[in-house]
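Shown next, in structure tokens, is the structure this report addresses.
Order of the sequence lines sets the chain letters (A, B, ...), proteins ahead of strands, with each chain counted from 1.
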2 protein chains.
Amino acid sequence: MTRSKSKRQTGCPIAFALDTFGDKWSLIIIRDMLMRGKETYGEFLAADEKIATNILADRLQHLQDEGLIEKKRDPQNRRRYLYRLTPKGLDLTPIVLEMVRWSAAYDPNTKASPAVVTRIQSDREGLLKDLIQKNKPERD
Amino acid sequence: MTRSKSKRQTGCPIAFALDTFGDKWSLIIIRDMLMRGKETYGEFLAADEKIATNILADRLQHLQDEGLIEKKRDPQNRRRYLYRLTPKGLDLTPIVLEMVRWSAAYDPNTKASPAVVTRIQSDREGLLKDLIQKNKPERD
DNA sequence: CTGTATCCTTAGGGATACTG
DNA sequence: CAGTATCCCTAAGGATACAG
């Protein structure tokens, strides 16, 4: 494990947020769970950004330690695991959406779904509710 | 210079945002400008988080290159510079506010101004407008 | 398939001295 | 004060082999 993540430990909320999920990969994983319905190790590994397997394992563990995701056995298939957002992790949704909005506005190269982008403006609250509903962990 | 910042260059808006300002220090600098009225090199250097002088210079340059901030001479004092958020940088405000909200909710140790935190919930739009107004670059 | 373990490279960043 | 320039080190992360 590449365990460490020395925290800055000033009381600043921005510093806290950065120390918790402000690395190169955490939000990519969160995005995959939140926006793309991914929930298994293999699905995360297959992401466009090509995360290395050891890094993925490390980040999943870290996100668990921080209480943003939870890991449980797949009831359909006893030898695999499912990763799901906890309420605390799910509550990152507004941050993710604002990042999508910002990038869509300034990166001509961005390929965000137009349906999502326009809805961020026109129906932010509804979109938020939908995403949170879809990722509610009370299945099984 | 520590120039590089290899971009992932997938079309994903989250990856783009992370590649643009997703390092350990950029959002700390943005926060200082946006929420604390800082605009000079020395003021940034004095932050609680103790950024090293070379890193600060590098990040300021990077943020300029990305078009998030601009640097101009202080009209009051010809031998100093002022750093200000551009509209593009100012448009990160919603992201910053959502991060403050999240940390305030989950970090018992956070020392965010309660005035700001409660206003994020009760008057998000008004708070946004106020912050943007305060940081409008049309002074001088 | 779901990870661990190991090895190795490199970029990020700290300390500090120095310059206009 | 407002930066540059060096030196150095560590932790983040890539490649790959291996295990349950």
Of all the nucleotides listed (dG20(D), dT4(D), dG13(C)), which has the minimum atom distance to the side chain of Arg59(B)?
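Out of dG20(D), dT4(D), dG13(C), the nucleotide with an atom closest to Arg59(B)'s side chain is dG13(C).
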
Closest approach to the side chain of Asp23(A), judged atom by atom: which nucleotide of dG13(D), dT4(C), dC1(D) is it?
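Among the listed nucleotides, the one closest to the side chain of Asp23(A) is dG13(D).
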
Euclidean distance, atom [atom1] of residue [X] to atom [atom2] of [N] [Å, nearest integer]:
X: Asp58(B); N: dA5(D); atom1: CG; atom2: P; value: 12 Å
X: Glu43(A); N: dT2(C); atom1: CD; atom2: C1'; value: 13 Å
X: Ile28(A); N: dG13(D); atom1: CD1; atom2: C1'; value: 14 Å
X: Leu45(B); N: dC1(D); atom1: CG; atom2: P; value: 9 Å
X: Arg78(B); N: dA2(D); atom1: CZ; atom2: P; value: 15 Å
X: Asp19(A); N: dA11(D); atom1: CG; atom2: P; value: 15 Å
X: Glu49(A); N: dG13(D); atom1: CD; atom2: P; value: 13 Å
X: Leu60(B); N: dG3(D); atom1: CG; atom2: P; value: 8 Å

State, to the nearest 10°, the angle formed by the axis through the first five base pairs of the helix from dC1(C)-dG20(D) to dG20(C)-dC1(D) and the axis through its last five.
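Taking five pairs per end, the axes differ by 40°.
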
Interatomic distance, [X] atom [atom1] to [Y] atom [atom2] [nearest 0.5 angstrom]:
X: Glu98(A); Y: Leu97(B); atom1: CD; atom2: CG; answer: 9.0 Å
X: Gln133(B); Y: Lys136(B); atom1: CD; atom2: NZ; answer: 5.0 Å
X: Asp19(A); Y: Ile14(A); atom1: CG; atom2: CD1; answer: 11.5 Å

Is [X] near enough to [N] that one of its side-chain N or O atoms lies under 4.0 angstrom from OP1 or OP2?
X: Tyr83(A); N: dG3(C); value: yes
X: Arg80(A); N: dT2(C); value: yes
X: Tyr81(B); N: dG20(C); value: no

Could you check whether [X] pairs with [Y] (Lys NZ or Arg NE/NH1/NH2 to Asp/Glu carboxylate O, under 4.0 Å)?
X: Asp91(B); Y: Arg101(A); result: yes
X: Arg119(A); Y: Asp130(A); result: yes
X: Glu49(B); Y: Arg31(B); result: yes

Step through the shown structure and confirm whether more than 12 heavy atoms of other residues, nucleotides or ligands are within 6.0 Å of NZ on Lys129(B).
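Not more than 12 within 6.0 Å, no.
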
Given Thr20(B) and Tyr106(A), is the side chain to side chain donor-acceptor pair (under 3.5 Å) satisfied, shown in steps?
CA-CA 11 Å; Thr20(B) 306; Tyr106(A) 298 103; over 6 Å; no

Could you list, one pair per line, each protein nitrogen or oxygen that sits under 3.5 Å from a nitrogen or oxygen of nucleotides 14-17 of chain D, together with the distance?
{"unit_1": "dG14(D)", "atom_1": "OP1", "unit_2": "Lys24(A)", "atom_2": "NZ", "d": "3.4"}
{"unit_1": "dG14(D)", "atom_1": "O6", "unit_2": "Asn54(A)", "atom_2": "ND2", "d": "3.2"}
{"unit_1": "dA15(D)", "atom_1": "N6", "unit_2": "Asn54(A)", "atom_2": "ND2", "d": "2.9"}

Answer yes if the ring centres of Phe44(A) and Trp25(A) are under 6.0 angstrom apart, and no otherwise.
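No.
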
Sugar-phosphate only, base, or nothing, as touched by Phe44(B) at under 4.0 Å among non-hydrogen atoms:
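Result for Phe44(B) = nothing.
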
